[in-house]
Every structure is written in structure tokens, then in C-alpha cells.
Amino acid sequence: MRTLKAAIIGCGAIHLCHLEALRQTPDVELRAIVDIDTDKGLALAKTYACDFYHDYREMLRDVNVDVVHICTPHYLHKPMILAALAAGKQVFCEKPVAMTMADIAEIQAAEAAATGMLGVCYQNRLNPTSLALHQLLNENALGRVLSISAFLTWSRSAPYYANSAWRGRYATEGGSLLINQAIHTLDLMQWLGGGVTRLKGVVDCSRLADTIDTEDTAMATFDFNSGARGLFFASNNHTRDAPLQLEIHAEKGEFQLRDNILWRVSEGKRAMIANDATPYSHSKSYWGMGHLQAIQQFYTSLRHGEIPTFIGLREAAKSLQLVEAIYHSSQLRQWVTLTE
Ligand SMILES: NC(=O)c1ccc[n+]([C@@H]2O[C@H](COP(=O)([O-])OP(=O)(O)OC[C@H]3O[C@@H](n4cnc5c(N)ncnc54)[C@H](O)[C@@H]3O)[C@@H](O)[C@H]2O)c1
């Protein structure tokens with residue numbers, strides 16, 4: 001089998017998850033890394049025994065690079081995806097795939113004209129608890145779903161933003177809490193609930209108002225396509241990164257995600273269904289364990305192609321659409337209807 005050669009653009013916090021996944025994937029080799037921080041990039045390239053580029057456009061001219069991993073600040077995702085697809089590369093991009101739905105339309109057109117595929121990293125769908133829950137809901141295990149509620153309370157301090165020029169600004173992060181931290185939760189909600197018809201949302205900046213020009217807290221009420229209700233609350237103002245709390249209330253009981261354990265509660269009994277494993281040493285607990293599977297799914301699809309099993313642009317756009325709709329609704333102070 002031909003070895004696929006990969007390049008990682010952006011060697012910040014998340015690139016280690018990609019690096020580790022590449023190392024664990026058979027017949028894949030890290031060919032190059034790219035970063036605008038030359039000292040860091042050169043040192044890492046020596047450690048990883050690969051090439052280093054300061055300018056990603058130069059790396060894209062390397063005909064030996066098959067797959068490009070984009071691990072850069074949000075405002076760079078769209079231009080880097082467009083350039084990589086135009087150069088004939090396969091692309092695996094960190095979430096969010098872009099900052100606005102208008103960007104999605106542009107990427108869609110570029111992808112249609114390209115030979116390469118685009119995968120997006122929503123690794124939390126691959127948590128054992130997420131997979132089990134999705135299957136149980138598909139099987140209608142507790143009857144019709146009445147509501148899905150999610151409660152996400154994490155901690156992002158003023159120094160976290162002050163030490164990173166791109167975070168906390170609409171122009172470079174595209175928002176904050178919603179588009180960066182809570183987008184995984186919004187993705188899980190819409191995936192488990194089968195799509196959202198309309199929502200009413202509010203965003204606010206309270207504790208971080210002197211530091212960021214984006215939001216640190218948000219809430220929303222959804223109507224799912226199925227008729228079920230959704231309730232969402234998220235904040236970066238907690239004092240720790242608490243595990244996501246999710247509750248699915250159905251006709252015959254509840255599914256509860258607490259401390260990364262999925263419980264089924266029905267007929268007065270509580271049973272454990274699935275438990276998310278401990279993350280790798282280089283990963284943060286709230287990132288989950290899914291990077292390896294998400295990246296391996298992408299490479300498997302590249303090799304055996306016809307039915308892609310990875311999350312592509314269409315799926316990735318769904319949570320971005322919710323993010324955008326919550327901002328919009330908050331401005332309008334009205335319900336916003338989502339279109340296909
Ligand atoms: N899937 C997840 O759970 C998860 C978790 C964390 C981060 N992320 C995502 O990963 C991406 C990166 O986040 P991070 O926390 O690693 O950010 P970071 O700020 O730690 O790292 C970004 C890196 O990109 C480099 N960079 C900036 N401009 C560049 C350019 N023009 N060319 C090449 N490199 C450039 C920076 O020097 C830095 O090394 C974001 O999209 C973020 O949302 C995803």
C-alpha cells in the first residue's frame with residue numbers, strides 16, 4: 001500500500017493530537033510541518049524528522065504532500081482550505097471549518113471543483129458515550145424524545161486570551177465560547193436530535209468583558225425537526241472545565257451524560273451504558289479521545305473512497321449554522337428559523 005504523506009499547518013496546542021494520530025495510522029508518514037513561528041517550527045521539525053516551512057503556500061507546492069492537516073487560528077481555515085484544495089491536496093481541518101455560513105458556500109464550490117476531499121474534526125461524535133447514545137436514539141430505545149438539554153461550564157481566563165492574539169476577536173476567532181468551545185456541544189445536540197428547525201438565543205460577555213470583544217456566555221432554546229425541545233447553556237466563566245452534562249428526556253425515561261458516563265434511567269432503575277476512556281497523556285480531558293478515530297476514518301476513506309465515513313463540509317456546517325443563528329437571534333431578540 002502506498003504511504004500517504006501528511007503535512008500539519010499550525011503547531012500549537014492541538015497539533016499533538018494530529019501528530020499522535022498520524023503516528024498510530026499505518027502507511028502514513030509526516031512529511032512536513034508549517035508554522036509562522038520559525039524557531040518553534042524548526043525545533044519541532046528536528047524532533048519529528050520532517051521538513052519545515054514558514055509559508056504554507058510553499059509547502060503546498062511539494063508534490064510529495066498528499067494530505068494537509070489545518071490546525072491554525074479560525075480566520076486562516078478558509079484561505080488554507082481553498083489553497084490546499086486548489087493545489088490538489090486532501091484536507092483535514094480542525095473545527096470550525098470556517099467562521100461564517102458565507103464561507104461555507106465558498107468552500108463548497110471549491111470542493112466541488114477539486115480532486116481532494118475535505119474532512120473536519122468533530123471528534124466528540126466518536127466518544128463511546130456519543131456513539132451509544134446516537135444508536136439508542138435511532139433505535140427509539142426510550143420512545144419519542146421530548147427534549148435534549150445541555151449544560152457546558154468551562155474556564156477560560158483573561159490570561160488565556162491575553163496570551164493569544166487571535167482569540168477573543170470576531171475578526172480572527174469568529175466569536176469565542178460558541179464557535180470555539182461549545183461548538184462540539186451544539187454539534188452533538190443537532191446530531192442526536194436530528195436537526196433544528198428554529199431557535200431563540202442570547203449571548204453575553206460578563207467576566208471577560210474587559211479582555212475580549214466576543215461572548216463568554218450563551219443560552220438558547222431550540223425546536224428540533226422532530227418536535228422535541230432543546231435547552232442549551234454554556235459559559236467560559238466557570239472555575240474548572242466541568243464535563244458536559246447532557247440529558248435526553250424521552251417518553252419512557254431518560255439518558256443522562258454525567259462525568260463522561262452515559263446512564264439510562266427508566267422504570268425506577270439507573271444503568272450505566274457507556275464510559276468515555278481516559279484521554280491520551282498529550283490531550284486534555286475535555287477534548288476526548290476521538291482524534292485518533294476521526295483521523296483514521298479520514299485516511300481509510302481516502303484509501304477506499306466510495307462512501308466517506310468521516311465528517312465532511314455538509315455535516316460540519318450544521319453546528320456553524322447554529323452558532324450563527326444564536327448570534328443573529330441574540331441581536332434581533334427574536335426566534336430565528338433555520339433553512340436547509
Ligand atoms: N477538536 C478540538 O477539540 C480542538 C481543541 C483545541 C483546538 N482546536 C482547534 O484547533 C485549531 C488551533 O487551535 P490551537 O489551540 O492549537 O491554537 P494555538 O494558538 O495553540 O496554535 C495555532 C498555531 O498556528 C500557528 N500559525 C498561526 N498563523 C499561521 C500561519 N499563517 N501559518 C502557519 N501556522 C500559523 C501559530 O504560530 C500556532 O503555533 C483551532 O481551530 C481550534 O479551534 C480543536
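Numbering of ligands and ligand atoms starts at 1, following listing order. Both backbone and side-chain heavy atoms feed into the values below; hydrogens, waters and symmetry mates do not. In this text the structure is predicted, and so the values were computed from the model without any measurement.
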Exercise: identify the closest heavy-atom pair between Ala274 and Thr129: O-CG2, 3.6 Å
Atoms in ligand 1 with a heavy atom of Ala13 nearer than 4.0 Å: 15 (O), 16 (O), 20 (O)
For Cys11, atoms of ligand 1 separated by under 4.0 Å from a heavy atom: 23 (C), 39 (O)
Measuring from [atom], which candidate in [options] has the nearest non-hydrogen atom?
atom: atom 2 (C) of ligand 1; options: His15, His77, Gln123; value: Gln123
atom: atom 22 (C) of ligand 1; options: Gly290, Cys71, Pro96; value: Cys71
atom: atom 25 (C) of ligand 1; options: Leu44, Asp35, Thr172; value: Asp35
atom: atom 41 (O) of ligand 1; options: His69, Lys95, Lys40; value: Lys95
atom: atom 44 (C) of ligand 1; options: Met80, His291, Glu94; value: Glu94
atom: atom 7 (C) of ligand 1; options: Ile14, Ile183, Ile9; value: Ile14
atom: atom 42 (C) of ligand 1; options: His18, His74, Met59, Arg57; value: His74

Do the charged groups of [X] and [Y] touch, with an N to O distance under 4.0 Å?
X: Arg31; Y: Asp66; value: no
X: Lys252; Y: Glu267; value: no
X: Glu254; Y: Arg264; value: no
X: Asp216; Y: Arg207; value: no

Identified side chain to side chain donor-acceptor pair (under 3.5 Å) partner of Arg156 from the options Asn237, Asp241, Thr211: Asp241
Parallel, tilted or perpendicular: ring planes of Tyr48 versus His15, cut at 30 and 60 degrees: tilted
Any N or O of Arg167 closer than 3.5 Å to N or O of ligand 1: yes
Side chain, backbone, both or neither: the part of Leu76 lying under 4.0 Å from ligand 1 by heavy atom: side chain
Part of Asn180 with heavy atoms under 4.0 Å of ligand 1, whether side chain, backbone, both or neither: side chain
Whether Trp166 lies under 4.0 Å from ligand 1, heavy atom: yes
Donor-acceptor pair between Ser319 and Tyr122 side chains, under 3.5 angstrom: yes
